[in-house]
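Before any comments, here is the structure.
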Amino acid sequence: MRIGVVGTWGGSALLRSLADDGSPTGPAEQVPDLVAAVREREARESPRWVWASTSEVYPGLLGAGVRVARCHDLALVEALLLGHDGRWGEPRSVAAAWARLRGEPVPADPQHGPRDLQPALFEPDRTGLPGDVDPLDAVVAVHRRQQQGLSGPLALLAAAESAGALLAAELGHDGLPWRADVHDELLTGLLGPREEPGVRPARLRELAARIAEAFGGRAVNPDAPADIVRAFAREGVQVPSARSWVLRKVEHPAAPLILAYKELSRLHAAHGWAWLDQWVSGGRFRPEYVPGGVVSGRWATRGGGALQIPRVVRRAVVADPGWALVVADASQLEPRVLAALAGDHRMAAAAAGGDLYQALADEAFGGDRARAKVAMLGTIYGQTAGEAAQLLVQLRQRFPAAVRYVEAAATAGEEGRLVRSVLGRTCPPPSAAWRELLSGGPADVDGGGAAPDPDGAPTGDGRRAARDRGRFTRNFVVQASAADWALALLAVLRARLAELGSPGDRPALVFFQHDEVIVHTPEPLAAAVADAVTSAGREATRMVFGPTPVQFPLGTAVVACYADAK
DNA sequence: GGCCATAGCGCG
DNA sequence: AAAGCGCGCTATGGCC
């Protein structure tokens, strides 16, 4: 059972019941209160809600205390279908999809600026549909068309992507438990007391002074990399840059001071008091997640940097009294994904146990786990230089199917072809500039690259561009399939958690970062949540990869504080 | 004062 | 031994 829905004027809405194939099973129905209607129909029949965009509709429902179990996000699914069709990047809104359906000019998607926080009253009509088109008719027509293109894995991906959109809105709404007082204490301990904006805290001032002293008393701005390089040059120390790994090898009294400064300065700038003020309120960190924001299907965030929370700061992520955090992460997800994707029996056997790298090492690297890991990651990332190149030979000997799988993806990329994840998320096609470069066209000449050699193989810049894209597509098949798996895990886990506890006292997902989730749960339910995570992982594996010997173990920890999870 | 590229580093 | 994937965010510094 599905219900198409559009909001209309002043909180009212139009609804229409739909069959799974998208055909209407009744007339359009006008309701005075969208929120009340969704609440009532959700409780009564828990339909799959078909709407233009979860990120536009769902936050309002959440704000009114209404949650739904399932939806079909037309914009996200349109993007999946366009990508699958080799039309990556074309406008994805319902208005655009409707225009394509009718052969009419396709409106560009509304630009989502980073600070797009206008009051709703003053927003222009977001739908972008011609004035004489009933928006519900457009929703119904676009959905029906999408259902025709969705079968098998792609249908699963569409459902998972939509579930992810629901969850993303819920995560943004609920927020991650965050103790501002703990964060503040941590900052004060490391940096000194908070200062006025624009004033360095005491510890940074002190380090800056000692750096200047180490350089013979000349003022050096440790926040300016060029300044650091010049200062070392004056001392007769040539450094190619001020990167930390470079400075770590420099034997000069200023080097360790600069490293200490950089670390603290970064904490202060990126996750200091200003961040705390802006992003944490009411004991929660509320970032804005962007499902499908990365080409591989990983999520991105808009503001708040939720996917880059430094380890030290995780001390501030603390469960409410009487509650616990269940922190779960998939270990060695990407190599396991490759083993399953490639159907490499020997690698799959290695991935059937707990420590994949150790098993690979025992199989092909004389038990040397570190070398096995370098070889594996080098293969997934397309590393050609250094130690990894040697190790690849051994890996290929023992696991030919797995190596062949990523090399085929690399070749496809170099030749300008498309590659897909296990569920069918498709990489973008190469740009026009890339094609020019590869065909030795004007871009090649302008770029100073060499022309193709007589037998047509690109050289110079073209060769480099081809290899760059090969590394991208090589990694894409693995990273995007890992994202498929993670999305399936989220969808299953979200549904299982909704069956635990009681409303208002229910475990809830509060964080998701590529291959890691956090559930905030009443303490007595922690064990049940950990079980739910484990079984959701197994279910995700079955849904995405079917029968496979590959295991995707989830390490789970029940903790009061995120920092204690590892 | 805003815009942009670059450098650098946080996360997976 | 500093390359080999995907991101977001901040500070600097040149430019208009």
Side-chain angles (χ1 to χ4, degrees), chain A residues 114-115 197-198 200 204 220-230 239-249 258-259 261-272 274-275 278-279 287-290 292-314 329-335 337-338 370 373-389 391-392 406 409-410 413 419 421 425 427-428 464 467-483 485-486 511-517 562 566:
Chain A
R115 286 190 175 67
R200 281 184 183 139
L204 290 180
V220 173
N221 179 5
D223 286 319
D227 236 27
I228 294 171
V229 173
R230 277 193 296 270
V239 289
S241 73
R243 290 180 164 88
S244 56
W245 64 263
V246 170
L247 298 189
R248 231 166 272 140
K249 292 184 301 187
I258 295 172
L259 288 170
Y261 179 93
K262 276 169 171 276
E263 198 178 328
L264 291 177
S265 167
R266 182 175 176 83
L267 175 67
H268 179 239
H271 289 91
W275 182 93
Q278 186 176 0
W279 293 105
E288 186 182 355
Y289 293 91
V290 186
V294 179
V295 287
S296 64
R298 282 182 170 186
W299 291 10
T301 55
R302 196 151 38 215
L307 303 181
Q308 299 120 256
I309 301 169
R311 289 183 172 273
V312 277
V313 176
R314 297 180 183 184
D329 73 308
S331 50
Q332 309 158 339
L333 178 58
E334 294 195 351
V337 162
L338 175 56
K373 184 173 178 179
V374 168
M376 188 75 242
L377 294 177
T379 300
I380 292 174
Y381 293 152
Q383 183 172 6
T384 52
E387 191 191 8
L391 298 175
L392 178 59
V406 287
V419 296
S421 73
R425 193 187 301 269
C427 79
R464 190 160 32 251
R467 286 206 187 271
D468 286 350
R469 186 157 193 279
R471 280 194 307 278
F472 166 63
T473 51
R474 169 197 289 265
N475 183 254
F476 182 94
V477 292
V478 177
Q479 190 185 113
S481 299
W485 182 88
F511 188 62
F512 168 55
Q513 185 179 37
H514 310 313
D515 61 359
E516 179 176 3
V517 297
Y562 186 19
K566 287 185 183 170

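To find a chain, count down the sequence lines: A is the first, B the second, and so on, and within it residues start at 1. All of these numbers come straight from a predicted model, not from anything done at the bench.
Nearest to the side chain of A385(A), among dG8(C), dG4(C), dT10(C), sits dG4(C). When the nucleotides dG12(B), dC7(C), dG8(C) are ranked by their closest atom to the side chain of R266(A), dG8(C) comes out on top. For V295(A), the listed nucleotide lying nearest its side chain is dG6(C); candidates were dG12(B), dG10(B), dG6(C). Residue R314(A) places its side chain closer to dC11(B) than to any other of dC5(C), dC11(B), dG10(B). Taking only side-chain atoms of E516(A), from C-beta outward, the nucleotide of dG12(B), dA11(C), dC9(C) with the closest atom is dG12(B). Considering only the side chain of R471(A), dC5(C) comes nearest among dG12(B), dT12(C), dC5(C). Listed candidates were dG6(C), dG4(C), dC9(B). Nearest to the side chain of K262(A) is dC9(B). Taking every side-chain heavy atom of Q513(A) into account, dG12(B) is the closest of dC9(C), dC9(B), dG12(B). Picking from dA11(C), dG6(C), dG4(C) the nucleotide with the shortest atom distance to the side chain of D223(A) gives dA11(C).
Within 4.0 Å (heavy atoms only), G386(A) reaches no atom of the nucleic acid at all. At the heavy-atom level, K249(A) lies nowhere under 4.0 Å from the strands shown. Within 4.0 Å (heavy atoms only), R311(A) reaches sugar-phosphate atoms of the nucleic acid but no base atom. Residue contacts for G293(A): at a heavy-atom cut-off of 4.0 Å it reaches no nucleic acid atom on any strand shown. As judged by a 4.0 angstrom heavy-atom cut-off over every strand, I309(A) is placed among residues touching the sugar-phosphate backbone only.
Between the CG atom of L307(A) and the C1' atom of dG6(C) there is a distance of 11 Å, rounded to whole Å. We find that NE2 of H268(A) is positioned 17 Å from C1' of dG10(B), with the value rounded to whole Å. To the nearest angstrom, C1' of dC7(C) lies 12 Å from CZ of F472(A). In this structure, N221(A) atom CG and dA7(B) atom P are separated by 17 Å, rounded to whole Å. When the C1' atom of dC11(B) is taken as reference, atom CZ of R298(A) falls 9 Å away, rounded to whole Å. To the nearest angstrom, C1' of dC9(B) lies 12 Å from CG of L259(A). Rounded to whole angstrom, the span from the CG atom of D515(A) across to the C1' atom of dC7(C) amounts to 14 Å.
With values rounded to the nearest 0.5 angstrom, Q383(A) atom CD is found 9.0 Å from L391(A) atom CG. To the nearest 0.5 angstrom, R298(A) atom CZ is 9.5 Å from Q513(A) atom CD.
With salt bridges taken as basic N to acidic carboxylate O contacts below 4.0 Å, none links R248(A) and E263(A).
Residue-to-nucleotide proximity on DNA chain C shows that, of N475(A) and T301(A), the 5′-proximal contact is made by N475(A).
When all heavy atoms are compared, the tightest approach of A483(A) to S296(A) is CB-O, 3.6 Å. In terms of heavy-atom proximity, A409(A) sits nearest to V419(A) at O-CG1, 3.9 Å. When all heavy atoms are compared, the tightest approach of H271(A) to Q308(A) is CE1-O, 3.5 Å.
With both pairing distances under 3.5 Å, dA3(C) is matched to nothing as a Watson-Crick or G-U wobble pair.
Between T384(A) and dG4(C), a side-chain N or O to OP1/OP2 separation shorter than 4.0 Å is present.
Contacts between residues 239-248 of chain A and DNA chain C, defined by a heavy-atom separation under 4.0 Å, are made by W245(A).
Remark: K373(A) NZ is loosely packed, at most 12 non-hydrogen atoms of other residues, nucleotides or ligands lying under 6.0 Å away.
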